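Values reported hereafter were calculated over all heavy atoms of this structure, with side chains retained and with hydrogens, waters and symmetry mates removed. Bear in mind the structure is a predicted one, so any value in this text is a computation, not a measurement.
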Amino acid sequence: VELAADPPDVVAVQGNLVVGLHPGTATIAAIDRPTGIGSTATGGRNAVVHVVGAVARLVLSPAAVTMAVGESRTLTALAERIGGGNVNYTQRVAYASSDPAVVAVPNDVGNRSRIVAVGVGTARVSAVDPETGVATTASGDDTVVTVTPQAIVRVEVAPRLRRVALGSSTRFVATGFFETGDTRNL
């Protein structure tokens with residue numbers, strides 16, 4: 001059996017191996033020379049090969065985000081390929097923070113793109129493809145994270161009811177309840 005590619009500039013046929021030459025799509029046909037029967041005949045099937053280009057650029061999204069201390073969220077990493085096309089690389093890349101005291105990047109297996117706001121300030125989160133070394137920083141496609149203090153949603157004073165004798169004193173405690181569910185003595 002002999003294989004042939006159309007168009008021949010996208011892939012090269014070497015025996016029963018097909019080698020990608022340029023980004024694009026090619027059809028692979030086979031023909032049995034002694035009988036003349038091929039995959040393009042009635043009932044036969046050709047194969048289609050999509051040749052994808054190398055990763056040209058990594059882009060994180062969103063480009064900028066504001067978070068409160070204690071909040072977490074996930075980012076998306078897209079690989080733009082030479083010759084066109086984007087591939088989701090969110091779980092393939094390694095993430096890093098320019099300031100781990102502001103944004104933590106645990107790189108958890110299965111949830112690599114999760115970032116956690118740990119301190120007030122601004123930090124850049126970058127990503128690098130460990131296979132190719134292509135990084136978001138090289139193209140200016142990091143995510144800028146601004147971390148604000150947690151917003152207080154309510155304050156409670158305790159105890160709610162207390163009797164105090166004339167001339168004596170008592171203590172009260174104010175507790176802040178934050179949007180993340182955390183509480184803190186104020």
Please step through side-chain contact (heavy atoms from CB on, under 4.5 Å) for the pair V59 and E80, ending with a clear verdict. CA-CA 8 Å; V59 178; E80 294 180 357; 3.7 Å; yes
Does the pair V51 and H22 meet the rule for a side-chain contact (heavy atoms from CB on, under 4.5 Å), with working shown? CA-CA 7 Å; V51 179; H22 301 286; over 6 Å; no
Given the rule in the side-chain contact (heavy atoms from CB on, under 4.5 Å) test, do L186 and I152 qualify, once you have shown the distances and angles that lead to the verdict? CA-CA 11 Å; L186 301 174; I152 295 177; 4.3 Å; yes
Going through the distances and angles, do R73 and M67 end up as a side-chain contact (heavy atoms from CB on, under 4.5 Å)? CA-CA 9 Å; R73 70 172 35 194; M67 302 168 61; 3.9 Å; yes
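Looking only at side-chain heavy atoms (C-beta outward), N46 and T40 come within less than 4.5 Å of each other. Contact check for D129 versus Y89: side-chain heavy atoms found under the 4.5 Å cut-off. Contact annotation: the side chain of I115 approaches that of V145 to within less than 4.5 Å [non-hydrogen atoms, C-beta and beyond].
Closest non-hydrogen pair, F172 versus P159, comes out as CE2-O, 3.4 Å. Residues A101 and V118 come closest through the heavy atom pair O-CG2, 3.3 Å. Shown here for L60 and V125, the closest heavy-atom pair between the two residues is CD1-O, 3.3 Å. Closest approach of V11 to A26, counting heavy atoms only: CG2-CB, 3.8 Å. Heavy-atom minimum distance, A68 versus A117: O-CB, 3.3 Å. Between L58 and V93, the shortest heavy-atom contact is CD1-CG1, 3.8 Å.
Listed for the S72 side chain is no donor-acceptor partner under 3.5 Å among the backbone atoms of V116. A distance-only check finds no donor-acceptor pair linking the side chain of T122 to the backbone of T146 [under 3.5 Å]. No side-chain donor-acceptor contact under 3.5 Å links S61 to the backbone of A63. Between the N185 side chain and the T175 main chain, no donor and acceptor come within less than 3.5 Å of each other. Judged by distance alone, the side chain of T136 and the main-chain N or O of A127 form a donor-acceptor pair under 3.5 Å. Put simply, the side chain of T143 gets close to the backbone of P62: a donor and an acceptor are under 3.5 Å apart.
Put simply, OG1 on T90 and CZ on R112 are 11.5 Å apart, with the number rounded to the nearest 0.5 Å. Here S126 contributes atom OG and Y95 contributes atom OH; the two are 10.5 Å apart, rounded to the nearest 0.5 Å.
With salt bridges taken as basic N to acidic carboxylate O contacts below 4.0 Å, one links D141 and R57.
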